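By convention in this document, chain letters (A, B, ...) are assigned in the order of the sequence lines, proteins followed by strands, and residues within each chain are numbered from 1. All figures in this text were calculated on a predicted structure; none of them were measured in a lab.
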Number of protein chains: 2
Amino acid sequence: MTNLPSIKQLQYLIAVHQHQHFGRAAEACFIGQSTLSSAIQTLEETLGCQLIERENRSLMFTDIGEEVVIRAKKIIADTMSVKELTKSYKHPLSGKLTLGVIPTVASFIAAPLYQFCLQQFNQLQLVLVEDTSDKLLDKLEHGHIDMAMLALPYHTERFHTQVLAKDHFSLVHHQDYEIAADVSDLNLLPDKSVFLLEREHCMTGHALSACHLNRSDCINPFEAANLHTLLSMVEYQNGVTFLPQMALNAGILQGKPIVTNGVLGDAYREIGLLWRKTTGRIHDFRLFSEKVGEFVNQQCEQAKKEN
Amino acid sequence: MTNLPSIKQLQYLIAVHQHQHFGRAAEACFIGQSTLSSAIQTLEETLGCQLIERENRSLMFTDIGEEVVIRAKKIIADTMSVKELTKSYKHPLSGKLTLGVIPTVASFIAAPLYQFCLQQFNQLQLVLVEDTSDKLLDKLEHGHIDMAMLALPYHTERFHTQVLAKDHFSLVHHQDYEIAADVSDLNLLPDKSVFLLEREHCMTGHALSACHLNRSDCINPFEAANLHTLLSMVEYQNGVTFLPQMALNAGILQGKPIVTNGVLGDAYREIGLLWRKTTGRIHDFRLFSEKVGEFVNQQCEQAKKEN
DNA sequence: AATAAATGATCAGATATTGCGATAGATAAA
DNA sequence: TTTATCTATCGCAATATCTGATCATTTATT
């Protein structure tokens with residue numbers, strides 16, 4: 001058996017790297033400075049090379065030291081995930097779970113989702129975070145959130161993706177606005193009559209591709225930052241836009257002189273849950289996505305036979 | 001600081017999993033049986049759940065135990081790679097290095113490459129292994145070989161790929177075989193006049209795509225398993241085939257009544273080195289690929305102004 | 001049924017590792 | 001020079017790891 005570095009040694013090394021200071025690192029690890037000093041020395045011995053250059057009053061990690069720190073971090077993270085794994089096995093869906101949700105979903109289901117989880121998982125302390133898709137993926141990668149709920153398709157190989165539900169788009173317009181009864185090809189809509197969210201918004205892309213909108217002339221250059229601004233434009237400028245079923249079910253049109261023109265056949269976005277592939281709480285997440293999947297499906301349900 | 005499982009405990013757990021037997025596992029770890037027994041118990045305690053069901057005369061890993069073993073293996077591998085990393089830093093390119101090479105490369109450069117490495121890296125004990133691309137990637141994944149040299153493009157995201165050199169294809173044919181002086185479009189060659197290796201062979205694909213051969217009629221249905229069989233067919237059946245520069249430079253046509261029709265403009269395969277992304281010998285491999293890259297380039301060099 | 005072999009758990013005691021506190025040594029700041 | 005800061009070192013204590021002998025249980029053999 002080869003003599004490998006120990007978990008503790010790696011933890012201590014990481015601490016020194018974080019604090020760039022032996023004393024403070026030792027404090028953070030709840031051990032004495034001397035202990036840490038000798039631990040690092042032993043580690044350097046087993047690895048057969050210097051990791052840290054101790055100078056007058058400052059530290060300096062060697063190239064190889066930096067590389068070792070990177071790998072050590074991964075090893076520690078993996079080891080902690082083993083503990084998480086066994087813990088979530090013993091106490092399913094307990095403790096804190098931080099879920100990131102994109103705005104065009106959170107607006108409509110954050111509150112009922114929170115209520116739902118409170119009932120379903122009474123051991124769980126759910127924390128919701130609202131942000132854009134990009135930001136959420138960043139947070140997910142860095143461990144600031146445990147899972148992300150966003151609209152698919154969204155290109156990412158980095159994480160495990162679990163599809164929960166289809167959320168169909170409907171065409172909506174002012175109740176007085178006359179529109180051809182049969183709008184099979186949406187590209188035939190009048191010039192500048194289609195209002196959308198800002199271009200960077202993932203829902204804009206989803207609406208465009210799901211509705212096969214390729215004639216840019218019919219799209220109004222105005223870019224809304226949120227759905228309510230968008231709706232007010234549609235209301236006053238007598239245009240049209242696309243709303244996901246989830247928004248309609250949440251009553252976004254209530255009290256407004258805007259009506260839906262019915263669901264558009266195969267135009268939909270998908271709601272999905274993402275998590276880190278290396279997570280230790282895989283059981284938790286599977287269980288969570290199963291239950292929440294049912295809930296989200298319900299939120300996206302199309303009213304049967306509604307005239 | 002949370003109480004994490006130790007590296008040793010994980011190693012012992014893996015040993016028990018491998019041997020499915022406490023006694024033999026202990027032996028393999030060079031520790032007493034009692035030590036191992038208590039180590040596993042301590043591990044189960046820190047993880048808070050049972051990993052192994054000890055029965056009458058047999059072992060049985062629990063579901064969670066199996067999962068822990070999988071993750072433990074990764075942690076141990078990563079930890080060992082840290083040791084490798086520092087070792088290769090102290091003694092660059094020393095010890096054993098096992099390199100897999102595909103047949104259509106190995107045939108021509110295995111011997112001179114071995115000689116080259118003997119001179120360049122006198123601390124290195126190079127072991128060459130010849131096998132097909134697929135098999136080599138399998139071996140690479142399972143750690144049976146350290147690097148693989150194969151012909152690109154070859155689709156794989158699993159490994160780091162380092163391109164070494166372009167190896168151009170030339171059209172060759174029997175010296176008495178008349179061929180249009182200007183064969184700009186190879187699809188115009190006579191029916192069944194093009195001989196190739198078997199369909200599964202990566203060089204077949206590379207030749208086809210590099211030479212933009214899309215008219216299947218001109219390809220002879222015979223499939224050769226190696227280049228020498230292929231050449232004998234070309235020789236006796238008066239057909240043509242494509243050979244990489246590497247083969248020509250190695251003198252494969254010497255003594256044969258076969259001549260080259262000159263290099264085909266942009267028709268080439270690339271020779272590349274692949275290694276596991278998580279390797280600890282990254283410095284070694286970079287150094288190796290740099291030097292060997294020069295060597296392979298030389299082996300693929302096209303004779304200037306040769307008439 | 002009696003006996004032997006196999007296997008993992010347990011215990012006391014040895015050894016190794018990890019920990020602490022005090023202090024030394026070296027350097028920079030006052 | 002004095003003081004403050006910082007890591008290394010040393011003796012010693014606590015803890016973890018390891019060993020060898022032994023136990024309890026089950027299975028195979030006689």
Side-chain angles (χ1 to χ4, degrees), chain A residues 1-62 65 68-69 72 75-76 79 83, chain B residues 1-62 65 68-69 72 75-76 79 83:
Chain A
M1 283 275 160
T2 44
N3 187 22
L4 293 178
S6 79
I7 292 284
K8 285 192 177 175
Q9 287 169 346
L10 296 181
Q11 281 181 306
Y12 297 162
L13 183 74
I14 293 169
V16 174
H17 188 258
Q18 274 179 341
H19 294 89
Q20 293 287 319
H21 190 288
F22 274 69
R24 283 193 289 279
E27 213 173 327
C29 294
F30 304 108
I31 56 171
Q33 171 266 316
S34 62
T35 306
L36 194 149
S37 177
S38 61
I40 298 293
Q41 281 178 70
T42 319
L43 177 60
E44 288 183 322
E45 222 166 282
T46 63
L47 291 183
C49 67
Q50 197 178 14
L51 302 175
I52 304 173
E53 285 177 28
R54 292 85 155 166
E55 263 171 70
N56 328 339
R57 238 167 150 72
S58 67
L59 285 184
M60 180 80 166
F61 272 71
T62 61
V68 170
V69 166
I75 291 169
I76 298 302
T79 309
K83 270 214 82 167
Chain B
M1 283 274 160
T2 44
N3 187 22
L4 294 177
S6 78
I7 292 285
K8 284 191 178 177
Q9 287 168 348
L10 297 181
Q11 282 182 305
Y12 297 164
L13 184 73
I14 293 170
V16 174
H17 189 258
Q18 275 180 339
H19 295 91
Q20 293 286 319
H21 190 286
F22 274 69
R24 283 193 289 279
E27 212 174 329
C29 296
F30 303 108
I31 57 171
Q33 172 265 316
S34 63
T35 306
L36 194 149
S37 177
S38 61
I40 298 293
Q41 281 177 68
T42 319
L43 177 61
E44 287 183 323
E45 224 166 279
T46 63
L47 291 183
C49 67
Q50 196 177 13
L51 303 175
I52 304 174
E53 285 177 27
R54 293 84 156 167
E55 263 170 70
N56 328 338
R57 236 166 152 72
S58 67
L59 286 184
M60 181 78 166
F61 272 71
T62 61
V68 170
V69 166
I75 292 169
I76 298 302
T79 309
K83 272 215 79 168

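Mapping A:Ser34 and B:Ala39 onto DNA chain D by nearest heavy atom places A:Ser34 closer to the 5' end of the strand. DNA chain D is contacted by both B:Leu36 and A:Thr35; A:Thr35 maps to the nucleotide lying nearer its 5′ end (nearest heavy atom per residue).
Phosphate proximity of C:dA6 to B:His21: absent, as no side-chain N or O sits under 4.0 Å from OP1 or OP2. A close approach under 4.0 Å does not occur between any side-chain nitrogen or oxygen of A:Arg54 and OP1 or OP2 of D:dC6. Note on B:Lys8: a side-chain N or O is less than 4.0 Å away from OP1 or OP2 of D:dC18.
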key: Audit row: B:Ile40, B:Leu13, side-chain contact (heavy atoms from CB on, under 4.5 Å) steps and yes/no   = CA-CA 7 Å; B:Ile40 298 293; B:Leu13 184 73; 4.0 Å; yes
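As rounded to whole Å, 17 Å separates atom C1' of D:dA8 from atom CD of A:Glu53. At whole-Å resolution of the value, CD1 in A:Ile7 and C1' in C:dT17 are 16 Å apart. Atom CD in B:Gln9 sits about 16 Å away from atom P in C:dT17, given to the nearest Å. For A:Tyr12 and C:dT17, the OH to C1' distance is 11 Å, given to the nearest whole Å. Atom-to-atom, CD of A:Gln50 to C1' of D:dA8 comes out at 14 Å; the value is rounded to the nearest Å. Summarising the geometry, the separation between CD on A:Glu44 and C1' on D:dT7 is reported as 12 Å, rounded to the nearest angstrom. Atom P of nucleotide C:dG8 and atom CD of B:Gln20 are separated by 10 Å, given to the nearest angstrom. Remark: C1' of D:dA13 and CD1 of A:Ile31 are 16 Å apart, rounded to the nearest angstrom.
Residue A:Gln33 places a side-chain atom within donor-acceptor reach of the base of D:dA8, judged by atom type and a 3.5 Å distance cut-off alone. Between the base of C:dG8 and the side chain of B:Ser37 there is no donor-acceptor pair shorter than 3.5 Å.
At distances below 3.5 Å, at least one donor-acceptor pair connects side-chain atoms of A:Thr62 with backbone N or O atoms of A:Leu51. The backbone N or O of A:Ile52 lies less than 3.5 Å from a partner atom in the side chain of A:Glu44, making a donor-acceptor pair. For B:His19 (side chain) and B:His21 (main-chain N/O), no donor-acceptor pair under 3.5 Å exists by modelled atom type. Looking only at distances, no side-chain donor or acceptor of B:Ser37 sits under 3.5 Å from a matching main-chain atom of B:Gln33.
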